[in-house]
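Inspection log for the structure reproduced underneath, given as structure tokens.
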Amino acid sequence: MAKLCIIFMLCSLVIFTAAVQSAAGLEKGPEAVEKWFKKLPQAKEKVTKLHFYFHDTITGKNSSSFTVAQSNITLTSPTFFGIVSVADDPLTIGPESDSKIVGRAQGVYLAASLEDIALTMTLNFVFTDGKYNGSTLSVLGHNPILHKYREMPIVGGSGVFRLARGIATAQTVWYNRISNNAVVEYTVMVLHY
Ligand SMILES: *[C@@H]1O[C@H](CO)[C@@H](O)[C@H](O)[C@H]1NC(C)=O
Ligand SMILES: *[C@@H]1O[C@H](CO)[C@@H](O)[C@H](O)[C@H]1NC(C)=O
Ligand SMILES: *[C@@H]1O[C@H](CO)[C@@H](O)[C@H](O)[C@H]1NC(C)=O
């Protein structure tokens, strides 16, 4: 009886530890990553959909995007060619400015087209809430901001999004021509394990 009880306690402990690990994301560190890679042949790829709003505030109280450089033709270029901005923009569940924050879009975007108004985006979506807290997705894409839909590749990820690939579709909800502030809806379809 005592033996059974100990076995039962050990099993519960193992099950409990496993549950805590999945809730906290994944085990970290080089050995945990190696173990994760070794289990890959048995892992099943899954599809996850994410939906959030990206608040790009350039002017005003809650500014989170700043110009760090420009070319000597930026001011005369109809496409703002050469302007480079660094952003740490909040990602929220709704389009309102006081909506709950679920992550940040951190990185650089730049006007890289001489002919059209189009940005090159190099951003990490850094999630800070719920089951994706601490996980990231990396975006590297072409963003012609005046188009209704812009598709940008998800080129990788970390945490629960290790080895992710996918597509982020951006759609402007709101844009102010004077302040240049914008709210952009993002729908992300991602394949990961
Ligand atoms: C921009 O800089 C380049 C290289 O210094 C120069 O050749 C060019 O004339 C400049 N253009 C303008 C519009 O100032
Ligand atoms: C600034 O952020 C706060 C807190 O998220 C929000 O309540 C407020 O509406 C924002 N202000 C502006 C001008 O967007
Ligand atoms: C996200 O994770 C960080 C670090 O592990 C923790 O401090 C924070 O409380 C978590 N946030 C939420 C909303 O779960």
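In each ligand, atom 1 is the first atom listed, and ligand 1 is the first ligand listed. All figures in this text were calculated on a predicted structure; none of them were measured in a lab. The residues of the chain are indexed from 1 along the displayed sequence.
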Next on the checklist: Which heavy atom of G82 sits nearest to which heavy atom of T74, and what is that distance?
Outcome noted: C-OG1, 3.7 Å
Next on the checklist: With a sphere of 6.0 Å drawn around CD of E31, does it hold more than 12 non-hydrogen atoms of other residues, nucleotides or ligands?
Outcome noted: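 Check fails, neighbour count at 12 or below.
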Checklist entry - Near R165 CZ, under 6.0 Å, is it more than 12 heavy atoms from other residues, nucleotides or ligands? => result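 Not buried by this count: 12 neighbours or fewer within 6.0 Å.
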Item to check | H55 and T92: side chain donor to acceptor below 3.5 Å | outcome: yes
Check ligand 1 for close polar pairs with the protein: N or O on both sides, less than 3.5 Å.
from, atom 1, to, atom 2, distance (Å)
ligand 1, 2 (O), N72, ND2, 2.2
ligand 1, 11 (N), N72, ND2, 3.1
ligand 1, 14 (O), N72, ND2, 3.4

Checklist entry - Considering only heavy atoms of T128, which atoms of ligand 3 have at least one such atom less than 4.0 Å away? => result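 The list of qualifying atoms is 11 (N), 12 (C), 13 (C).
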Checklist entry - Numbering the atoms of ligand 3 from 1, which are under 4.0 Å from a heavy atom of N133? => result 1 (C), 2 (O), 3 (C), 8 (C), 10 (C), 11 (N), 12 (C), 14 (O)
N/O donor to acceptor pairs below 3.5 angstrom from side-chain atoms of residues 121-129, sequence neighbours left out:
from, atom 1, to, atom 2, distance (Å)
T122, OG1, V108, O, 2.9
N124, OD1, S138, OG, 2.8
T128, OG1, V102, O, 3.3
T128, OG1, G103, N, 3.4
D129, OD1, K100, NZ, 3.4

Item to check | Heteroatom proximity flag, D129 to ligand 3, N/O under 3.5 Å | outcome: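 No; every N/O pair is 3.5 Å or more apart.
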Checklist entry - Short question: side chain of T57, backbone of A182 - any donor-acceptor pair under 3.5 Å? => result no
Next on the checklist: So does I117 get a backbone contact from the side chain of T79, meaning a donor-acceptor N/O pair under 3.5 Å?
Outcome noted: no
